Amino acid sequence: LDQMTDAVANGVVRGLIVSGPPGVGKSFGVEKILDEYDMMAKLSSKPPRTEIVKGSMTPIGLYQTLYNNSNDGDILVFDDCDSVLFDEVCLNMLKATLVSGKKRTISWKSESVALRREGIPDRFEFKGGCIFITNVDFENVRSKKIKDHLAALMSRCHYLDLTMNSARDKFLRIKQIVRDGMLDEYEFGKDGDTEIIDFMIENTDKLREISLRMVLKIADLRKMDSDNWKSLAKTTCMKGVI
């Protein structure tokens, strides 16, 4: 994940799709790398190179966002912005941004007061990179029409599936992300971070889920009550515990 994100940031790869279930650190891994590039840009007195889009987006909103991030070196991240993946107009624009030819031209030929007001042309060349972070499994979408569009996106992008089926895989990922600094702001120290992970491993079968979000929930409880956090975690984070 780090290597592929780095490749997009350096313009070696035009598009990356990161798919997988919630809580496996998709966003954390991507944002960690891109924050470093934005920091370097800031030190050089340049504007940040990255824009992260979350939530819902309309086709015209997508066109505006692509235009505002169309320069060489710009990186546009769609983080759980799945509305663009289920709209045919959006999908056609995204395919144009990732086409394998030398020139990637995007057009909007419908009349738009919003575009005219913002001074955005009805066509432009896109030179940036795109990263999609999503829970959608591109290979198992039911709609045939949408599935064909997603397959076209996959053919234009590198596709990284972070699905983790075993508890062992999930804990390996949790240990990696925590080691990379996910809990630094809590100031527990290395031993404190390890204590949280060990507690989760000891209670694997009882936890409502094994995920990075669960790590943060338990970290919040430890910050809230350093003496009784385990008891609180057993009450709020486990199944059938009273």
Side-chain angles (χ1 to χ4, degrees), residues 1-5 8 15-35 50-57 75-87 90-91 94 130-143 146-147 150 153-154 157-186 193 196-223 229 232-241:
L1 179 60
D2 290 353
Q3 285 180 301
M4 294 305 300
T5 304
V8 175
L16 171 65
I17 299 168
V18 184
S19 176
V24 296
K26 301 186 298 294
S27 300
F28 182 89
V30 169
E31 290 180 17
K32 176 175 173 288
I33 296 297
L34 297 183
D35 282 347
T50 305
E51 180 173 348
I52 299 176
V53 179
K54 300 188 180 190
S56 181
M57 179 171 281
I75 308 155
L76 186 54
V77 181
F78 298 93
D79 188 357
D80 282 338
C81 185
D82 293 341
S83 59
V84 299
L85 301 176
F86 291 94
D87 183 287
C90 289
L91 284 166
L94 293 175
C130 291
I131 298 177
F132 303 90
I133 303 173
T134 178
N135 300 333
V136 176
D137 182 352
F138 276 43
E139 297 174 312
N140 291 294
V141 173
R142 292 183 179 180
S143 169
I146 298 298
K147 188 171 185 176
L150 295 181
L153 274 186
M154 286 177 65
C157 292
H158 288 269
Y159 186 81
L160 183 58
D161 186 354
L162 293 187
T163 299
M164 298 174 193
N165 296 315
S166 70
R168 179 180 179 275
D169 288 342
K170 292 175 182 177
F171 277 117
L172 283 172
R173 179 63 173 161
I174 286 170
K175 288 179 180 179
Q176 178 192 24
I177 297 297
V178 170
R179 187 180 65 240
D180 287 346
M182 188 183 78
L183 297 180
D184 285 356
E185 63 183 273
Y186 290 91
D193 293 350
I196 290 174
I197 296 174
D198 288 345
F199 173 79
M200 290 181 64
I201 293 173
E202 290 168 10
N203 295 280
T204 298
D205 296 333
K206 299 175 184 177
L207 288 171
R208 296 187 185 280
E209 64 176 1
I210 303 170
S211 69
L212 290 167
R213 290 173 184 168
M214 182 59 73
V215 176
L216 293 174
K217 286 180 182 179
I218 296 174
D220 287 341
L221 296 175
R222 194 179 193 281
K223 190 75 172 179
W229 65 272
L232 289 167
K234 288 178 180 178
T235 303
T236 65
C237 300
M238 294 186 188
K239 298 172 284 188
V241 178

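Just so you know, residue 1 is the first one in the sequence shown, and it goes up from there. This is a predicted model, so every value here is computed, not measured.
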Could you list the residues that satisfy side chain to side chain contact (heavy atoms under 4.5 Å, CB included) with [X], not counting sequence neighbours?
X: Asp35; answer: none
X: Asp180; answer: Phe28, Lys32, Gln176
X: Leu212; answer: Ile174, Ile177, Met182
X: Ser56; answer: Ser83

Check the orientation of Phe138 and Tyr159. Use parallel for under 30°, tilted for 30 to 60°, and perpendicular for over 60°.
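Because their plane-to-plane angle lies in the 30° to 60° range, the rings of Phe138 and Tyr159 count as tilted.
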Return each pair, listed once, that meets salt bridge (charged side-chain N to carboxylate O under 4.0 Å, His left out) where at least one residue sits in residues 214-223; pairs must be two or more places apart or across chains.
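Qualifying pairs: Glu195-Arg222.
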I'd like to know if the side chain of Lys26 and the backbone of Leu162 have a donor-acceptor N/O pair within less than 3.5 Å.
no
So does Val136 get a backbone contact from the side chain of Ser19, meaning a donor-acceptor N/O pair under 3.5 Å?
yes
Apply side chain to side chain donor-acceptor pair (under 3.5 Å) to [X] and list each qualifying residue two or more places apart in sequence or on a separate chain.
X: Asp2; answer: none
X: Asp137; answer: Asn140
X: Asp87; answer: none
X: Asp198; answer: none

For [X] against [Y], the heavy-atom pair lying closest together:
X: Leu16; Y: Met4; result: CD2-CB, 3.8 Å
X: Ile210; Y: Lys170; result: O-CD, 3.6 Å
X: Gly20; Y: Asp161; result: CA-OD1, 4.4 Å
X: Gly25; Y: Leu1; result: O-CD2, 4.1 Å
X: Lys239; Y: Leu207; result: CE-O, 3.3 Å
X: Met57; Y: Cys81; result: CB-SG, 3.9 Å

With rounding to the nearest 0.5 angstrom, report the [atom1] to [atom2] distance, [X] to [Y].
X: Leu94; Y: Phe132; atom1: CG; atom2: CZ; result: 4.5 Å
X: Cys237; Y: Lys206; atom1: SG; atom2: NZ; result: 13.5 Å
X: Lys147; Y: Met154; atom1: NZ; atom2: CE; result: 10.0 Å
X: Ile131; Y: Phe78; atom1: CD1; atom2: CZ; result: 11.0 Å
X: Leu34; Y: Thr50; atom1: CG; atom2: OG1; result: 4.5 Å
X: Ile33; Y: Ile75; atom1: CD1; atom2: CD1; result: 11.0 Å

Consider only side-chain N and O atoms of Asn203 and Lys234, and report whether a donor and an acceptor are under 3.5 Å apart.
no
Tyr186: which residues meet the ring-ring contact (aromatic ring centres under 6.0 Å, His included) condition with it, sequence neighbours left out?
Phe188
Taking the side chain as C-beta and beyond, is there a heavy-atom pair between [X] and [Y] under 4.5 Å?
X: Leu183; Y: Leu216; result: yes
X: Asp80; Y: Asn135; result: yes
X: Arg213; Y: Pro22; result: yes
X: Leu91; Y: Leu150; result: yes

If you apply the rule side chain to side chain contact (heavy atoms under 4.5 Å, CB included), what do you find for Ile52 with Ser27, and how did you get there?
CA-CA 10 Å; Ile52 299 176; Ser27 300; over 6 Å; no
Partners meeting salt bridge (Lys or Arg N to Asp or Glu O under 4.0 Å) with Asp79 (sequence neighbours left out)
Lys54
Tell me whether Arg208 at atom CZ has more than 12 heavy atoms from other residues, nucleotides or ligands lying less than 6.0 Å away.
yes
